[in-house]
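Worksheet: the structure to be examined is printed underneath.
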Amino acid sequence: MVKKSIKNKIESKYDFEKIEKKWQKKWETSKIFQVKENKKKKFYVLEMYPYPSGSGLHIGHAFNYSIGDIYARFKRMQGFNVLYPMGFDSFGLPAENAAIQKNKHPKKFTEEVIQNFIKQQKELGLSYDWLRILRTHTPEYYKWNQFFFLKFLEKGLVYRKKASVNWCSKCNTVLANEQVHQGKCWRHENVGVEVKQLDQWFIKTTEYADELLRDIDKLDWPERIKIMQKNWIGKSYGTEINFEIETPAHEGCSPEPSKKVWPIFTTRPDTIYGVTFMVVSTQHYDLDQLVSADQEKDVEKFLKKIKSVGKKNLEGLEKEGVFTGSYAINPVNGEKIPVYVGNFVVADYGSGMVMGVPAHDQRDFEFAEKYSIPMKIVIEPKDYEIYERKGQLAKAYTGEGFLVNSEEFNGTESKTAREKITKYLERKKQGRKTIQYKLKDWLISRQRYWGTPIPIIYCEKCGIVPVDEKDLPIKLPADVKFGKGNPLTTNEKFLNTKCPKCNGKARRETDTMDTFFDSSWYYLRYCDNLNNKKPFGKKKIDYWMPVDQYIGGAEHATMHLIYARFFSKVLRDLGFLKFDEPFTKLFNQGMLHGEDGYVMSKSRGNVVLPEEVSKKYGIDTARLFLVSIASPDTDIQWSSKGIEGSYRFVKKVMKHFGNIKIGKTDARIESKLNKTIKGVTDDINNFRYNLAIIKIRNLFDRIPEKTSKEVLEKFLLLLHPFCPHFTEELWQNLGNKSFLSLHKWPITNEKKIDEKLEKQEEQVDNLVQDINNILRIVKTKPKSAIIYVIPNEQDIYEDYLDKIQKRTNLNIRIYSASDKNKYDPENKSKKVKQGRPGIYLE
RNA sequence: GCGGAGAUGCCGGAGUGGUCAAACGGGACAGGUUUAGGACCUGUUAGCUUAGUGCUUACCUAGGUUCGAAUCCUAGUCUCCGCACCA
């Protein structure tokens, strides 16, 4: 009882809990953050929507969302019509697994989690337009995934192909790459993951590779993300060369010896005379055709060995291979060279086969050395040293030089030879100039339940038939049995259907879509999320899109951000949109680490919950602190002591506004105010929130006890995006009836910025320092200070008299140096200079 | 291997040619206030030196450019991140 009353006494001055609840409620009931298209200029602020995980929000999320909310509030105050929505990426494997573990249906589980998320997000004071919420697991949303899939199919951007998947025989299901730990299933340590070939759906992202690459330069994105995307797309120029390959007769499949032309891709056609072998990937789907009867056993043995090693092994894997029994003919000189199958060739880059030039490629060199394949030098560098060592190659020479052992091309410089040889091959119809990308087509099939069903039907007569648009959505059946693999494959009700073409017996596709499909267009749906006739209305899209400011983590640099860009481009070509790029600007926030320096996680036990922080300091303080630690694009660390500093500031502001006296303003504070407005506006615009807050704090330190209402109001405006709740409260206390949230952002009045006045501040600081310096040195304990100033500076120091007294803890008297009646026992007035007064302490 | 980012005082972190012994916050220390604790206020926080001064050493290391470098260049060390046998 006693304790409680003390607590109340202390905290009665700043009851943040009450204030925050009050304003959150007011914002909600007044619907001020709900937006519609209008004549104002729009601004679309978007945070990457979260995956609703069971553990809820931690303070790191609060950091992420604060960054966006501050920006949205700022832009709103600047007069833009701001679209700032939130939604949930609610399909996906983790939900399915979590649901299975907790024996709860994924839908129920997910929706409960989302409810909790929303509650937590609302408590952070985020200014979302909650009417625009979307959840990807609802048929209202995923219907359009299916719709777009069909559109893509129509346009020829979808195809079906065999591809390898990770398969656990115990789980009886496909595993995601993250679920494969060192070649074993994540749940069954002793079950090796098999690589199975399954028919899978692909989207032709590669069709847009070139445009995706080209348009990167248009984007106002962090440079490193752009570079990552460029590398990911990986464009390289080279030559495609046709090698004829002879495979000896093979009883059963091919009784006659077969001849087949294989194209290979190389960036170094200048080394073609140095080819001494060929290597095909172990994963190549046509590998069988190359293997002769004699070599069949060896190859099989080798393939088995490779598979048991596991797909993704650590670096430094030794290059290995075996002879296939086939020979290739070098198109330039007719040489017959052996074809190997090797573990170091990537199956889906180029044609899955490479020409081996051991003298001029390090990988080929290692392979040739191991299997004693001859090496032929065809490029000689300008300095001959490399080759004179022991008469043998120590390593491949991969640089430029002049051609040797290359018949008519001898003596040509390697760079020109690339052109010449390519042209030569083109003339002989044995090759052509070409471009290769590292970017691969997008495999969207997931053999899992919790995702969008792929709208395809397999008819016994007609084969693969797309679902009719009018039959969408193909709903995910609710009543399913979990346990063994994808429950859709055993759900007869779902499986059995009729062929839309012939009305005959047919089965549904049981694969669902990769959730990156969902996230590739969700930003469009926000613009018109309640539309049940179309994915979105054209007018609305034209008004709101593209997203002006996208905010999210760098971990999405290559996946989501490429898919979304691709999707937009396709939709543009399908006539749905008019723009090329969905996200004009991108900001990558840093990661918030726990107090121990590690990433926040439950298992580490370093998770800080926003509720806890809120309870102790209020969410305004938490927001302020999170963005003042450092620039928001760097990784930051939570500090339970650091937040005290922000709390102190907030309390100081509350206290100051608790006993203000409205009076006149003066040039000094006006200058400081306008300088601050200018700086803060610029800082927020560029996400330098930490610097903006420093400027705001500096301004606050200069606000006198008695000042104009306008100064106080402008201060609140500047602070509002960071601390929306208590600033609203103080705004109201000043007698305002309207929302601060809707008030216009202050505009800098350049005329009022006076550098002279700013300099005077510095002079005063210097004086205080000087006095304190003397105080430190002097052995006596002076009680007062006499200051001698040049006559025209007298006013400056008198203005600051109170402050100087406070900061030095002395009585201060000021005399003009020219004053004849001044008290000056030690003649210190002699020391007076411009901007530097004389000081006498006693 | 390739590509990217970075290294600042006790800590976090600004600063990217002079206005820098270097913003701001935290911590520590000192003083004030207070019945006490807390809270609050003020100051100090590289070293020496001085009634408010001056000097030296300082922004990863070693060189260099410059009248002048935390900031630019060269080399190196370390840290973090992305891709990874892409022919």
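Order of the sequence lines sets the chain letters (A, B, ...), proteins ahead of strands, with each chain counted from 1. Only heavy atoms go into these numbers, but all of them, side chains included; no hydrogens, no water, no symmetry mates.
- Contacts of A:Val345 with the nucleic acid, taken as non-hydrogen atoms under 4.0 Å apart, include base atoms.
- Counting only heavy atoms from C-beta on, A:Asn343 has its side chain closest to B:rC85 among B:rC85, B:rG43, B:rC41.
- Aromatic rings of A:Phe700 and A:Phe649 (six-membered ring for Trp) have centroids within the 6.0 Å cut-off, being under it.
- With B:rA14, B:rG4, B:rA51 as the candidates, the nucleotide lying closest to the side chain of A:Ile774 is B:rA51.
- A:Asn231 places its CG atom 17 Å from the P atom of B:rG1, with the value rounded to the nearest Å.
- Using a 4.0 Å heavy-atom criterion, one finds that A:Pro837 contacts the bases of the nucleic acid, with or without backbone contacts as well.
- Put simply, CG on A:Asp635 is 17 Å from P on B:rU79, counting in whole angstrom units.
- Across all strands, A:Lys230 comes closer than 4.0 Å to no nucleic acid atom at all (heavy-atom distances).
- If you check every strand for non-hydrogen atoms under 4.0 Å, A:Ser631 touches sugar and phosphate atoms only.
- Between the C1' atoms of B:rC59 and B:rC72, the separation comes to 15 Å (whole Å).
- For A:Asn698, taking side-chain heavy atoms from C-beta onward, the closest of the listed nucleotides B:rC24, B:rA87, B:rA14 is B:rC24.
- B:rG26 and B:rA39 have their P atoms separated by 12 Å, with the value rounded to a whole Å.
- The phosphate of B:rG43 (OP1 or OP2) has a side-chain N or O of A:Arg807 nearer than 4.0 angstrom.
- When each of A:Ser639 and A:Ala630 is assigned the nucleotide of RNA chain B with its nearest heavy atom, A:Ala630 is the one assigned upstream, toward the 5' end.
- Between B:rU65 and B:rA75, the two C1' atoms lie 15 Å apart (nearest whole Å).
- Within the nucleic acid shown, A:Glu223 has no heavy atom closer than 4.0 Å to any nucleic acid atom.
- Taking the six-membered ring for Trp and the full ring otherwise, A:Tyr689 and A:Phe722 have centroids separated by under 6.0 Å.
- Around atom OH of A:Tyr285, no more than 12 heavy atoms belonging to other residues, nucleotides or ligands sit under 6.0 Å away.
- Rounded to the nearest Å, the gap between the C1' atom of B:rA22 and that of B:rG9 is 9 Å.
- Whole-Å rounding puts the A:Ile839 CD1 to B:rG52 P distance at 9 Å.
- Comparing B:rA87, B:rG4, B:rU44 by their nearest atom to the side chain of A:Arg776 picks out B:rU44.
- Taking side-chain N and O atoms only, A:Arg648 has a distance below 4.0 Å to OP1 or OP2 of B:rG26.
- Remark: B:rG3 base-pairs with B:rC81. Criterion, Watson-Crick or G-U wobble with two distances under 3.5 Å.
- Between B:rU8 and B:rA14, the distance separating the two P atoms is 11 Å to the nearest Å.
- Ring-centre distance between A:Tyr437 and A:Trp232: not below the 6.0 Å cut-off.
- For A:Lys781 and B:rU42, the NZ to P distance is 19 Å, given to the nearest whole Å.
- Across B:rG43, B:rA87, B:rG15, the shortest atom-to-atom separation from the side chain of A:Asn772 is found for B:rG43.
- At the heavy-atom level, A:Lys438 lies under 4.0 Å from base atoms of the strands shown.
- Across all strands shown, A:Gly838 has heavy atoms under 4.0 Å from base atoms, whether or not it also approaches the sugar-phosphate.
- Listed nucleotides B:rC24, B:rA14, B:rG52 differ in distance to A:Asn773; the shortest reach to its side chain belongs to B:rG52.
- Separation of the A:Phe367 and A:Tyr340 ring centroids falls under the 6.0 Å cut-off.
- Residue A:Ser628 places no side-chain N or O under 4.0 Å from the OP1 or OP2 atom of B:rC24.
- In this structure, A:Asn588 atom CG and B:rG6 atom P are separated by 14 Å, rounded to whole Å.
- As a whole-Å value, the separation of A:Ile227 CD1 from B:rG82 P is 15 Å.
- Between A:Asp210 and A:Lys235 there is a salt bridge, since at least one side-chain N of the basic residue sits less than 4.0 Å from a carboxylate O of the acidic one.
- With a cut-off of 3.5 Å on both pairing distances, the Watson-Crick or G-U wobble partner of B:rG76 is B:rC60.
- Atom name C1', nucleotides B:rA84 and B:rC2: the rounded distance is 8 Å, in whole Å.
- Residue contacts shown for A:Ile629 are limited to sugar-phosphate atoms, with no base heavy atom under 4.0 Å away.
- With B:rC41, B:rG26, B:rG52 as the choices, the nucleotide that has an atom nearest any side-chain atom of A:Asp770 turns out to be B:rG52.
- Residue-environment remark: NZ (A:Lys678) stays at or below the threshold of 12 foreign heavy atoms within 6.0 Å.
- Separation of the A:Trp442 and A:Phe202 ring centroids does not fall under the 6.0 Å cut-off.
- Base engagement by A:Leu841 is indicated by at least one non-hydrogen atom pair under 4.0 Å involving a base atom.
- Residue contacts for A:Ser646: at a heavy-atom cut-off of 4.0 Å it reaches no nucleic acid atom on any strand shown.
- Between the C1' atoms of B:rG25 and B:rC80, the separation comes to 24 Å (whole Å).
- Atom CE of A:Met353 is separated from atom P of B:rA87 by 17 Å (rounded to the nearest Å).
- Nucleic acid contact for A:Tyr840: base, since at least one base atom lies under 4.0 Å from a heavy atom of the residue.
- Distance check on atom C1': B:rG47 versus B:rA58 gives 11 Å, rounded to whole Å.
- Residue contacts shown for A:Arg697 are limited to sugar-phosphate atoms, with no base heavy atom under 4.0 Å away.
- Looking at the side chain of A:Ile777, the nearest of the listed nucleotides B:rU50, B:rG3, B:rC24 is B:rU50.
- Following rounding to the nearest Å, A:Met591 (CE) and B:rC80 (C1') show an atom-to-atom distance of 12 Å.
- For B:rU45, the paired nucleotide is B:rG27, the pair qualifying as Watson-Crick or G-U wobble because both relevant distances are below 3.5 Å.
- For the residue pair A:Ser628/A:Asn690, the side-chain donor-acceptor check at 3.5 Å is not satisfied.
- Across all strands, A:Gly645 comes closer than 4.0 Å only to sugar-phosphate atoms, never to a base (heavy-atom distances).
- An OP1 or OP2 oxygen of B:rU53 is reached within less than 4.0 angstrom by a side-chain nitrogen or oxygen of A:Arg836.
- Nearest-nucleotide positions on RNA chain B place A:Thr808 closer to the 5' end than the other of A:Gly234 and A:Thr808.
- Taking only side-chain atoms of A:Phe344, from C-beta outward, the nucleotide of B:rC85, B:rA51, B:rA14 with the closest atom is B:rC85.
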